[in-house]
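Remember, it's a predicted structure, so these values are computed and weren't measured experimentally.
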Amino acid sequence: MAQRLVLRRLLSLPTRTLSPQGPLAPCAPSAARGRAFGTSARCRSTFNVQDGSDFQDRVVNNPKPVVVDFHAQWCGPCKILGPRLEKMVAKQEGKVLMAKVDIDDHTDLAIEYEVSAVPTVLAMKNGDVVDKFVGIKDEDQLEAFLKKLIGA
């Protein structure tokens, strides 16, 4: 009974459309966002690389600076650094994006960018690697790394 009532209420709500910028657009100021059920699809600064052409399109050809996190599922330090880095990138409010590359799925990219250990993080601007680090960093070091990348 309660499920039917909830379903009826949901179906009676007006339909909502995505922003004209698309579902992967950076976060808009909160006043421009309006009300929605959730913001995760509209406010995404982190994405998983699907293949080489996806990397080319979303990282190399991106006009925004991109942090590339080369990681692996079996890597303990990667499990610590990944969420920490995602949090710091999200704090930048769309000024920088983060691409996640699993080295087991994308060995060709790891070889091309000379990744010999994980986690390896590259800072890319206009398709060029401008900075890099290997291993875990604390939040202050990550913040300095990102500020250097975006020029703040």
Side-chain angles (χ1 to χ4, degrees), residues 10 13 15-152:
L10 283 174
L13 291 172
T15 58
R16 300 184 192 275
T17 59
L18 292 174
S19 78
Q21 298 168 336
L24 298 179
C27 299
S30 57
R33 253 189 295 214
R35 296 188 71 190
F37 290 115
T39 60
S40 61
R42 292 181 64 192
C43 184
R44 186 167 298 159
S45 55
T46 301
F47 57 90
N48 291 315
V49 171
Q50 303 303 313
D51 56 32
S53 69
D54 185 43
F55 185 86
Q56 185 72 28
D57 292 343
R58 296 171 80 183
V59 177
V60 176
N61 296 336
N62 202 317
K64 288 188 178 189
V66 182
V67 173
V68 185
D69 176 21
F70 285 92
H71 68 281
Q73 294 293 322
W74 46 263
C75 168
C78 299
K79 292 177 183 177
I80 296 168
L81 179 67
R84 188 180 291 172
L85 189 55
E86 284 181 44
K87 177 181 162 191
M88 298 306 292
V89 166
K91 275 184 168 180
Q92 303 304 315
E93 300 176 336
K95 294 177 189 166
V96 64
L97 302 175
M98 179 175 164
K100 298 179 65 99
V101 180
D102 187 320
I103 63 161
D104 292 328
D105 294 338
H106 307 293
T107 310
D108 54 333
L109 289 172
I111 292 169
E112 182 179 344
Y113 287 92
E114 301 174 354
V115 174
S116 57
V118 286
T120 293
V121 178
L122 306 180
M124 296 188 70
K125 208 176 220 180
N126 301 317
D128 297 322
V129 177
V130 294
D131 203 356
K132 162 182 182 170
F133 71 83
V134 178
I136 295 181
K137 300 284 184 194
D138 64 30
E139 288 189 6
D140 291 340
Q141 292 169 315
L142 292 176
E143 187 172 3
F145 180 79
L146 291 174
K147 287 193 186 271
K148 181 179 172 188
L149 175 61
I150 60 176

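- With a 4.5 Å cut-off on side-chain heavy atoms, Val68 and Val129 do not count as touching.
- Side-chain atoms of His71 come within 3.5 Å of backbone N or O of Val101 as a donor-acceptor pair.
- For residues 75-113, every residue pair satisfying the disulfide (SG to SG under 2.5 Å) rule, not counting sequence neighbours, is listed here: Cys75-Cys78.
- Lys95 pairs with exactly one of Ile150, Leu146, Leu149 by the side-chain contact (heavy atoms from CB on, under 4.5 Å) rule, that one being Ile150.
- Rounded to the nearest 0.5 angstrom, Glu143 CD and Lys137 NZ are separated by 15.0 Å.
- The two residues Thr120 and Val115 make their nearest non-hydrogen contact at OG1-CG1, 3.7 Å.
- Pairs engaging residues 83-112 under the ring-ring contact (aromatic ring centres under 6.0 Å, His included) rule: none recorded [sequence neighbours left out].
- One distance of note links CG of Asn61 with CG of Asn126; it measures 10.5 Å at 0.5 Å rounding.
- Rounding to the nearest 0.5 Å gives a distance of 13.0 Å between NZ of Lys125 and NZ of Lys64.
- Take Asp105 and apply the salt bridge (charged side-chain N to carboxylate O under 4.0 Å, His left out) test, not counting sequence neighbours, and it matches no residue.
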Test side chain to side chain contact (heavy atoms under 4.5 Å, CB included) on Arg84 and Ile136; report intermediate values, then the result. CA-CA 10 Å; Arg84 188 180 291 172; Ile136 295 181; 3.5 Å; yes

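- For Lys87, the side-chain hydrogen bond (donor to acceptor under 3.5 Å, both in side chains) test picks out Glu139, with sequence neighbours left out.
- Remark: Asp104 pairs with Ala72, Trp74, Asp102 by the side chain to side chain contact (heavy atoms under 4.5 Å, CB included) rule, at least two apart or across chains.
- Note that CG of Asn62 is 11.5 Å distant from CD of Gln56, once rounded to the nearest 0.5 Å.
- When all heavy atoms of Asp54 and Gln50 are compared, the closest pair comes out as OD2-N, 2.8 Å.
- For residues 86-126, no pair satisfies disulfide (SG to SG under 2.5 Å), with sequence neighbours left out.
- Residue pairs that meet the ring-ring contact (aromatic ring centres under 6.0 Å, His included) test with at least one member in residues 110-140, sequence neighbours left out, are Phe55-Tyr113, Phe133-Phe145.
- A 4.5 Å side-chain heavy-atom check between Arg58 and Val49 finds every atom pair outside the cut-off.
- The backbone N or O of Val121 sits nowhere less than 3.5 Å from a side-chain atom of Asp69 that would complete a donor-acceptor pair.
- Among residues two or more places apart in sequence or in another chain, the side chain to side chain contact (heavy atoms under 4.5 Å, CB included) test is passed with Asp128 by none.
- Asp138 meets the side chain to side chain contact (heavy atoms under 4.5 Å, CB included) test with Asp140, Gln141; sequence neighbours excluded.
- For Phe47, there are no ring-ring contact (aromatic ring centres under 6.0 Å, His included) partners at least two apart in sequence or on another chain.
- For Ser53, the side-chain hydrogen bond (donor to acceptor under 3.5 Å, both in side chains) test picks out Asp51, with sequence neighbours left out.
- Applying the side chain to side chain contact (heavy atoms under 4.5 Å, CB included) rule to Thr46 yields the partners Glu86, Met98, Lys100; only residues at least two apart in sequence or on another chain are considered.
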